[in-house]
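Structure first, commentary second.
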Amino acid sequence: MQTALLETRLGSLSPTARGKVRDIYSLNEEELLFVATDRISAFDHVLGSGIPDKGRILTQLSLFWFDFLKDTVRNHVLTADAAKFPSTLNPYLDQLEGRSMVVRRAQMFPVECVVRAYLSGSGWKDYQATGAVCGIALPAGLRESDRLPEPIFTPAAKINTGGHDENISFEDVITAVGADNARALRRLTLEIFEKASKHAESRGLILADTKFEFGTIDGEIILADEVLTPDSSRYWPADAYSPGGPQPSFDKQYVRDYLESIRWNKQAPAPSLPDEVVARTREKYLEAFRLITGRTGL
Ligand SMILES: Nc1ncnc(-c2cnn(Cc3cccc(F)c3)c2)c1Cl
């Protein structure tokens with residue numbers, strides 16, 4: 001079993017932002033180092049085991065999507081070629097190769113730009129409670145995982161790492177970023193989703209929902225953070241789609257099933273995973289990469 005890279009040790013460089021599975025390091029005024037680890041989270045907990053190569057696979061997926069969308073929106077990537085990284089990183093390239101990128105520092109909007117084509121997760125919860133999601137009224141009688149009449153922009157406020165983001169209304173987005181930016185974020189979010197979900201569908205995957213983070217560089221709105229990865233999106237195998245309940249996660253179902261099989265109490269520290277669950281989950285990430293990019297090797 002390969003070893004999973006759970007932490008990067010970059011000497012004096014310490015993360016300026018830490019997510020559950022990603023870390024950001026400030027390189028200088030203009031540049032950040034964006035690192036995807038092999039950590040995996042489920043049920044909002046980072047698990048005791050990592051998935052070897054997960055960070056590399058998800059980084060290559062983001063890079064594929066950034067390129068796929070380059071005629072629709074600019075992005076924050078400067079380079080993912082470790083040979084072009086600042087020489088100060090030379091001692092660490094073995095930890096960074098393929099799983100990191102140098103990105104331009106952007107002024108990030110304080111809004112998670114979520115778009116949903118299916119009713120799932122917090123969208124399903126809000127719909128059950130109010131018949132709406134983010135103030136958008138939906139038809140009565142929808143079941144969990146039902147396809148929506150059309151994809152909807154359902155923004156969330158960034159709660160600092162750890163908790164769930166809180167769904168907010170379009171009015172709240174206007175208050176936070178102004179009307180012009182709010183409209184631009186909604187338009188870009190829906191436009192990008194349309195293209196990406198069509199591509200995913202052509203590869204046998206349902207892109208049920210996803211979350212984008214945008215920022216501005218020199219006044220221009222750019223697509224930042226990770227994009228359309230299985231961590232920022234719900235991907236479902238199209239041939240198993242069956243509305244009326246939760247759908248199998250393309251990448252995390254083995255992990256979820258295992259955690260439920262050991263009746264893990266979610267208050268307890270997250271358990272480690274059996275080698276078999278780790279190996280099969282790694283295979284799913286590779287399968288997602290192959291399906292989405294059409295490439296066989298990383
Ligand atoms: N290009 C950029 N410029 C300025 N800030 C960011 C930025 C900051 N935070 N996040 C989200 C996040 C939080 C924790 C760990 C992560 F890897 C990422 C993205 C970016 Cl991507």
Side-chain angles (χ1 to χ4, degrees), residues 4-10 13-41 44-47 50-51 54-67 69-70 73-82 84-86 89 92 95-115 155-166 168 173 176-177 181 184-185 188-189 192 210-233:
L5 186 127
L6 303 177
E7 300 289 336
T8 32
R9 289 187 186 5
L10 305 184
L13 219 50
S14 57
T16 48
R18 297 210 64 174
K20 288 196 182 74
V21 299
R22 301 162 305 155
D23 300 319
I24 285 194
Y25 298 82
S26 178
L27 295 175
N28 55 52
E29 276 293 294
E30 280 301 304
E31 298 171 328
L32 301 169
L33 180 70
F34 194 100
V35 183
T37 73
D38 292 342
R39 299 194 297 261
I40 183 169
S41 85
D44 288 329
H45 289 261
V46 177
L47 301 184
I51 307 297
K54 173 175 178 281
R56 287 176 61 227
I57 296 165
L58 268 59
T59 298
Q60 298 311 313
L61 270 173
S62 270
L63 290 168
F64 167 84
W65 284 115
F66 279 130
D67 182 60
L69 297 162
K70 66 180 180 298
V73 63
R74 282 184 54 203
N75 61 68
H76 67 158
V77 180
L78 284 171
T79 183
D81 179 355
K84 295 182 181 147
F85 285 4
L89 294 174
Y92 315 112
Q95 298 177 68
L96 298 175
E97 184 70 50
R99 65 166 74 246
S100 56
M101 42 180 105
V102 175
V103 300
R104 284 196 63 183
R105 190 186 300 270
Q107 287 67 46
M108 301 302 286
F109 289 108
V111 179
E112 302 282 4
C113 291
V114 181
V115 45
K158 288 185 187 177
I159 308 293
N160 46 31
T161 46
H164 264 294
D165 298 327
E166 176 202 339
I168 58 176
V173 178
V177 305
N181 283 330
L185 292 178
L188 275 173
T189 296
I192 292 167
T210 192
K211 172 170 77 174
F212 300 121
E213 289 200 31
F214 294 96
T216 57
I217 294 179
D218 303 331
E220 185 175 3
I221 294 180
I222 54 102
L223 183 56
D225 203 57
E226 64 183 310
V227 59
L228 292 156
T229 70
D231 278 349
S232 64
S233 318

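Numbering of ligands and ligand atoms starts at 1, following listing order.
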Item to check | Over 12 non-hydrogen atoms of neighbours within 6.0 angstrom of CZ in R74 | outcome: no

Item to check | Ion pair check, D231 and R22, cut-off under 4.0 Å | outcome: no

Checklist entry - What about R105: any of its N or O atoms under 3.5 Å from an N or O on ligand 1? => result no

Item to check | Contact atoms of ligand 1, heavy-atom distance to D225 under 4.0 Å | outcome: 10 (N), 11 (C), 12 (C), 18 (C), 19 (C), 21 (Cl)

Checklist entry - Which atoms from ligand 1 have a heavy atom of G19 less than 4.0 Å away? => result 14 (C), 15 (C)

Next on the checklist: Do V35 and R99 have side chains that approach each other closer than 4.5 Å (heavy atoms only, starting at C-beta)?
Outcome noted: yes

Checklist entry - For ligand 1, which part of D23 has a heavy atom less than 4.0 Å away: the side chain, the backbone, both, or neither? => result backbone

Item to check | Per-atom contacts of ligand 1 with V103, taking only distances under 4.0 Å to non-hydrogen atoms | outcome: 1 (N)

Checklist outcome for this item: Value for CD1 (I57) from CG (L61), rounded to nearest 0.5 Å, stands at 8.0 Å

Next on the checklist: Can you see whether Y25 engages S100 through a side-chain donor-acceptor pair at a distance of less than 3.5 angstrom?
Outcome noted: no

Next on the checklist: Run L5 and D38 through side-chain contact (heavy atoms from CB on, under 4.5 Å) and show every step you take.
Outcome noted: CA-CA 5 Å; L5 186 127; D38 292 342; 3.8 Å; yes

Checklist entry - Does the side chain of R104 come within less than 4.5 Å of E31's, by heavy atoms? => result no

Next on the checklist: Out of all atoms in ligand 1, which are within 4.0 Å of some heavy atom of I24? Include the element for each.
Outcome noted: 7 (C), 8 (C), 9 (N), 10 (N), 16 (C), 17 (F), 18 (C), 19 (C)

Checklist entry - What do you reckon, does F34 have a nitrogen or oxygen under 3.5 Å from a nitrogen or oxygen of ligand 1? => result no

Next on the checklist: If I apply the N/O under 3.5 Å rule, does R104 come out as touching ligand 1?
Outcome noted: yes

Item to check | Selection from E213, E112, M108, M101 by shortest heavy-atom distance to atom 6 (C) of ligand 1 | outcome: M108

